[in-house]
Amino acid sequence: MPWIVVLLPGLAVAGLLGWLGSRWRQKKRLQKIRALPFPEPWRDILRKNLPVYRKLSPSLRDKLEQDIKWFLADKYFDGRDGLEITDEVRLTIAGQACLLLLGRKNHRCYPKLERVVVYPDAYVATATESAGDAAIKRPQVRLGESWQDGAVVLSWRHVLAGARRPHDGENVVLHEFAHRLDQLSGRADGAPPLDAPGQYQQWASVMSREFSSLRHRLKLRRSAWLNAYGATNPAEFFAVLTEYFFEKPHALKHHHPELFAIMKSYYGIDPGKDLKPTGEKERVTKEG
Ligand SMILES: [Zn+2]
């Protein structure tokens with residue numbers, strides 16, 4: 001018998017045992033983190049910076065706090081250009097990122113995310129554009145981005161502004177972490193992994209129709225309900241739609257009930273009912 005035939009089953013068993021061992025260690029670590037109390041100073045930060053936190057039901061608040069503890073234990077924060085990574089920076093980012101997980105069943109806390117890089121303000125990155133066969137590099141001002149290789153980059157000033165204004169439909173953390181969910185299926189393409197195979201057809205049908213409709217309205221120079229940046233490509237459409245779903249749920253439901261229903265099914269909550277922030281009220285405006 002060739003030695004490779006003998007070796008392969010052994011390697012497969014060793015690989016399986018290694019995988020089971022790492023899952024077991026992760027489960028134990030998660031149990032330990034879950035048992036830790038949520039520090040009261042952390043709650044003070046969330047009350048101050050996240051208006052939605054103050055209005056969560058006790059069960060949703062507990063869920064959010066559990067996810068935040070896991071996020072903070074598992075992800076490394078990297079301050080740039082002199083920004084100090086304080087508990088306020090960590091809690092304000094983790095709190096918003098974990099809002100997207102509140103209603104998701106059997107989710108893991110952004111498993112491919114290793115680092116959160118934070119700049120004090122908007123930062124300059126190098127954008128690559130293709131022009132024929134050539135690739136052109138040019139500087140571009142950014143507020144945030146999600147890299148395929150395990151990092152999210154954010155501007156702290158815009159993180160804070162987005163957290164404190166929960167009804168304007170602009171939130172860089174919700175946007176970039178929606179890309180993170182999208183990237184769980186590989187490259188961000190506007191189609192994150194869904195819970196059941198039967199959901200993909202409806203997702204593709206509704207999202208592609210609404211995406212085309214938005215692009216068409218903008219082409220005709222008519223006003224649109226969604227930020228025009230959502231018309232860039234399907235990945236940006238999903239990320240911008242996520243911002244609107246969490247921050248302008250009534251407007252989204254009013255203008256585009258099918259889109260609202262599909263987002264509600266994906267995120268597992270109704271932000272119009274489950275997240276009732278105080279402060280400014282959401283306005284439902286007419287689409288022209
Ligand atoms: Zn984006």
Side-chain angles (χ1 to χ4, degrees), residues 75-83 93 96-97 100 110-159 161-162 168-194 200-201 203-245 259 263 266:
K75 321 299 180 196
Y76 171 69
F77 281 75
D78 179 3
R80 297 285 174 90
D81 290 353
L83 182 84
I93 291 171
Q96 294 177 88
L100 299 188
Y110 302 106
K112 294 181 183 174
L113 177 68
E114 294 163 5
R115 275 187 312 142
V116 182
V117 178
V118 195
Y119 286 87
D121 208 328
Y123 58 95
V124 178
T126 303
T128 306
E129 289 176 0
S130 56
D133 292 338
I136 299 174
K137 291 184 184 296
R138 61 179 179 80
Q140 187 182 60
V141 177
R142 292 182 183 166
L143 311 183
E145 61 196 292
S146 176
W147 297 342
Q148 196 77 36
D149 78 346
V152 162
V153 187
L154 295 163
S155 150
W156 169 238
R157 186 165 77 84
H158 295 87
V159 166
D168 64 358
E170 290 183 18
N171 186 303
V172 69
V173 179
L174 298 183
H175 183 106
E176 299 307 334
F177 279 85
H179 282 320
R180 242 17 265 175
L181 296 174
D182 195 357
Q183 286 165 330
L184 287 174
S185 59
R187 198 178 167 81
D189 58 3
L194 304 177
Y200 284 93
Q201 194 178 359
W203 180 281
S205 160
V206 173
M207 295 294 260
S208 62
R209 188 173 64 244
E210 296 277 359
F211 176 65
S212 300
S213 163
L214 175 65
R215 287 176 77 115
H216 186 64
R217 291 184 76 87
L218 294 172
K219 201 172 167 187
L220 296 177
R221 297 183 185 278
R222 292 174 68 185
S223 65
W225 58 280
L226 193 70
N227 186 329
Y229 189 62
T232 307
N233 57 43
E236 297 305 343
F237 185 68
F238 172 61
V240 171
L241 193 55
T242 294
E243 293 176 78
Y244 273 57
F245 176 69
L259 268 183
M263 296 297 279
Y266 175 72

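We count residues from 1, following the sequence as given.
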Using side-chain hydrogen bond (donor to acceptor under 3.5 Å, both in side chains) as the criterion, list what pairs up with [X], not counting sequence neighbours.
X	result
R221	none
E243	H175
R142	Q140, E145
D121	R157

Just to verify, what does [X] make a side-chain contact (heavy atoms from CB on, under 4.5 Å) with, not counting sequence neighbours?
X	value
T232	Y229, E236
I136	A131
A204	none
R187	Q148

So, do [X] and [Y] sit near enough that their side-chain heavy atoms are less than 4.5 Å apart?
X	Y	value
L259	F237	yes
V141	Y123	no
Y266	W203	yes
W156	P120	no
T126	R138	no

Any sub-3.5 Å donor-acceptor pair from [X]'s side-chain atoms to [Y]'s backbone N or O?
X	Y	value
Y244	L226	no
N227	G230	no
K75	Y110	yes
Q183	S146	yes

Output side-chain donor-acceptor pairs under 3.5 Å for residues 111-119, partner residues at least two apart or in another chain, one line each.
none

Taking 4.0 angstrom as the limit, do D182 and R180 come out as a salt bridge? no

Member of L220, L214, L218 meeting the side chain to side chain contact (heavy atoms under 4.5 Å, CB included) criterion with H216: L220

If the condition is ring pair (Phe, Tyr, Trp, His ring centres under 6.0 Å), which residues does H158 pass it with, not counting sequence neighbours?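 Residues passing ring pair (Phe, Tyr, Trp, His ring centres under 6.0 Å) with H158: none at all.
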
For R209, check salt bridge (Lys or Arg N to Asp or Glu O under 4.0 Å) against everything at least two apart and list the hits. E258

